[in-house]
There are 2 protein chains.
Amino acid sequence: MPPAADHHDFARDVAEFLLPEVREILHADPTQLHPATDEMHPADLADVVKALPDTDVALFIGALPAERCAEIVEYLDHELRTHVVSALPSARAADIVGEMSPDERADVIAELSSEGAAAILREIAEPERAEVKTLLQYAPNTAGGLMTTEYISLPAGTTVQNAMARLKSAAHEHETIYAVYVLDDARRLEGVASFRDLIGGESEQHVADVMDRQVISVPVTADQEEVARVIARYDLLSVPVVGPDDRLLGIVTVDDIVDVLVEESTEDAQKMAAVRPIEQPYIRAKFISIFTSRIIWLAVIFVAQMFSGTALRHYSYILDTQKALGYFVPLIISAGGNAGSQSASLITRALAVGELKVSDFLRVVGREVGMGLALGLGLGVLGLGRSLMWGDTSSIAVTVGVTLVFVVMAGSMVGAMLPLVMKRFGFDPALASTPFVATAVDVTGIVIYFNIALIVMGQMIAPS
Amino acid sequence: MPPAADHHDFARDVAEFLLPEVREILHADPTQLHPATDEMHPADLADVVKALPDTDVALFIGALPAERCAEIVEYLDHELRTHVVSALPSARAADIVGEMSPDERADVIAELSSEGAAAILREIAEPERAEVKTLLQYAPNTAGGLMTTEYISLPAGTTVQNAMARLKSAAHEHETIYAVYVLDDARRLEGVASFRDLIGGESEQHVADVMDRQVISVPVTADQEEVARVIARYDLLSVPVVGPDDRLLGIVTVDDIVDVLVEESTEDAQKMAAVRPIEQPYIRAKFISIFTSRIIWLAVIFVAQMFSGTALRHYSYILDTQKALGYFVPLIISAGGNAGSQSASLITRALAVGELKVSDFLRVVGREVGMGLALGLGLGVLGLGRSLMWGDTSSIAVTVGVTLVFVVMAGSMVGAMLPLVMKRFGFDPALASTPFVATAVDVTGIVIYFNIALIVMGQMIAPS
């Protein structure tokens, strides 16, 4: 099986390497699959499952114990996971789902059809069934949707020795045993003792003597980005999740937050480029699902961009006498659009990492106007020079130069304002995508351009 | 001091809340600062330091023990950290730096001026000095640059009981004690035993009996994004870093990877919007540093975009007889640019998360050409309809519709190819930024447009 040095290669390489061997075992003697793959990481086996044909997936799942299947299924994409679990008889599916951690179990069940979910829930024992139903109440992108209910809690008077014994008994079942949570009689958090606090303490001490009372927690309704910020800020391995009455409801672990960060970056990158977020990895996503994710925003922006044509028609009498002005239209609107996308991306990102608040509006917009002025002066000088080099009249060159100053200022301002306005009205600031900002600035830019032309060249332009 | 419920608010809120109290203590009786802030998280105190005036920062650092200062300084931005440490007498600076974990210590010293670094290194004891010099050899964005040399290693024959005793003695000093690394005589990795493996084992067992022999490790030269991918893929708390001879050199912990993920997302977002990455947070960055980060790419793209003017001048004789064609120029080039930025962002992101390889070139480009055809047909129909509604001739409407198909195809293809080509030649694919792709497509789009016009309208256009 794979040498350690291969592990840092791409996921697909691991799968390509293992696939033939796994298929050979499956077709020769499936009972050999478990012993042959026992030492392998479930993430690698999940990649093998992704590459197997459907019929072999059934053989694969049938050949492994439920506990091992649960580990592997947790690493599959949502879509494939649903597909694999739906294809199983409900008793077997319930066995596998029953071996998962509570948060994964709820996620898998949430993705099934309502009949599929009901069939599996019927096979699951009562305390787990109630737990799944509780977890399903929370929205998937919140602390409640991410948390697991598998944590160790104990009263403050427990000795360190007894707390270590609780950790020992939990070591085999629980996903995470980095800390024990100290609760009062009403299950409110009194403190947290990490494994490090416990092992550093003396056996006879009480947990209350080694625990940290300044517990950092998140509310169950907190957005997953907020949970990620808290974990990142305080370098936590897990963060407790509390209800409105301050009771402990569960914990979110850092491995889930790493996944959230990767997923949110991908989503933000897609939104910034006016692509509606795509659930599957690019390479495996269906043509039609990428198409719909793209055409929606492309069409919306296209319709908005039509106003640039309306504006050009409106001012076309200026082009009749000053034809050369037309040659600068793409240059001018692209300069404004590019400055605008720079601002939009800086502001969107600063909002995402929590550096900026909507109440910083005036400060940010003021700064971006100043920045736009400085950038515009730079590009204005370049534009004026280029126009003179092309042999245009000095009035055209001046019009181009002055317009660039104003268009770049307008672009920076619009780019900075849009994400803040989106956020203010409860939308995702990343929806103020680059193409969207560029289009808003394009139309504005054309209007600015021709009005400056009218001011600079006044009498030279015959009214229509 | 702050109630637990406030912790999940923004960083700046915590600082605003604490600042007046801290300043009052500093000016009344600095010796009270340590007892008053002892229970607080160093991340929160770091935010207070960021908000304090320079003279108060000196008082603040003077009032706390070196160990506490070290914790707080680790949470400061690079720039402020350098500023604070440089302002201290070198003996005090060495005391504080000496209390840091080896990786942080090396990072702080790397950021100082060469005299400042030499002065502090002179004050540091020999084994630590040698360690700093070793760590400084590695590039900051690699596994070597991120790793700490503070880990627990032991031979395979150690009993579980003795391994736990090692963890206990390390609990007070080491940053991370999630695992012990089992090494052979040549310091090559034989296995890893997590805290969970150890506590789940029996006291008399050997570590060899409970350890995992399939160790996932990264080479010391691995890029930080690759380290992040490994940690994310296998849900690790830490990953061992090995040299070319397979010897263990250090470990990278998940909290550093969380920071890497946040930082890389910000950098990629900035690069995609043609902003040269800015080191400081937006809100605190100097005007001039944002200006230079923005003007460089804006000017480069502006110069490239000038070719759109050259192209328009070249085909201007067509506009003399078919004036209405000019009104569609912004609409057409923006459609191509938007499709191109969608493709560029999808491909860049897929490369960043390791889903795609450069060798997928043909497959990706083929797919994007198909996608561009589908998207272009959609927009082409819209454009044709709009042209007819404006009362243009049917030959203009057909020119616009057909052009949109080809321009959107060209945009998707260029947008997909650029990041792959960048990556192939060793550049960061995110440099294929949205504005850069849009500009390439703008110029191409104009050429496509007028050539299609010549084909569709042939005789109607008087040659110049």
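Excluded from the calculations below are hydrogen atoms, water molecules and symmetry mates; all remaining heavy atoms, backbone and side chain alike, are included. Chain letters run A, B, ... following the sequence lines, proteins first and then strands; every chain starts at 1.
- Residue contact with chain B, scored on non-hydrogen atoms closer than 4.5 Å, involves the backbone and the side chain of A:S341 alike.
- Taking 4.5 Å as the limit, every side-chain heavy atom of A:I332 sits out of range of all side-chain heavy atoms of B:Q305.
- Contact count against chain B (heavy-atom pairs under 4.5 Å) is highest for A:S343 among A:A222, A:G337, A:A228, A:S343.
- B:K168 places a side-chain N or O within donor-acceptor distance of the main-chain N or O of A:G201, the cut-off being under 3.5 Å.
- Options A:N338, A:V258, A:D442 differ in how many heavy-atom pairs under 4.5 Å they form with chain B, and the most are formed by A:N338.
- For a residue to count as touching a neighbouring chain, one of its non-hydrogen atoms must lie under 4.5 Å from one of that chain's; by this rule B:L331 touches chain A with backbone and side chain alike.
- Contact tally against chain B (heavy-atom pairs below 4.5 Å) for A:T310, A:L319, A:I257: the top residue is A:T310.
- Of the residues considered (B:L261, B:T266, B:I295), B:T266 shows the highest number of contacts with chain A, using heavy-atom pairs under 4.5 Å.
- Heavy atoms of A:F287 lying under 4.5 Å from chain B belong to its backbone as well as its side chain.
- For chain A, the nearby parts of B:V364 are the backbone and the side chain; heavy atoms of each come within less than 4.5 Å.
- With a 4.5 Å cut-off on non-hydrogen atoms, A:R349 touches chain B through its side chain but not through its backbone.
- A:P330 has its side chain within reach of B:V329: a pair of non-hydrogen atoms, C-beta onward, lies under 4.5 Å apart.
- Only the side chain of B:Y75 has a heavy atom closer than 4.5 Å to any heavy atom of chain A.
- A:A299 touches chain B through backbone and side chain together, each having a heavy atom under 4.5 Å away.
- Geometrically, B:R367 engages A:Y282 in a cation-pi contact defined by less than 6.0 Å to the ring centre and at most 45° from the axis.
- Of all the listed residues (A:L167, A:L236, A:L237), the one sharing the greatest number of non-hydrogen pairs under 4.5 Å with chain B is A:L237.
- Of the atoms belonging to A:I333, it is side-chain heavy atoms, and not backbone ones, that fall under 4.5 Å from chain B.
- Looking only at heavy-atom pairs under 4.5 Å with chain B, the residue among A:S194, A:A46, A:A339, A:G378 that has the most is A:A339.
- With B:R294 contributing its side chain and A:L375 its backbone, the two residues share no donor-acceptor pair below 3.5 Å.
- Residue contact with chain A, scored on non-hydrogen atoms closer than 4.5 Å, involves the side chain of B:I446 exclusively.
- Residue with the most contacts toward chain B among A:F302, A:F291, A:W297: A:F302 (heavy-atom pairs, distance under 4.5 Å).
- Chain A forms more heavy-atom pairs under 4.5 Å with one residue of B:A311, B:S293, B:S334, B:G326 than with any other, namely B:S334.
- Using a 4.5 Å cut-off between heavy atoms, A:L404 touches chain B through its side chain atoms alone.
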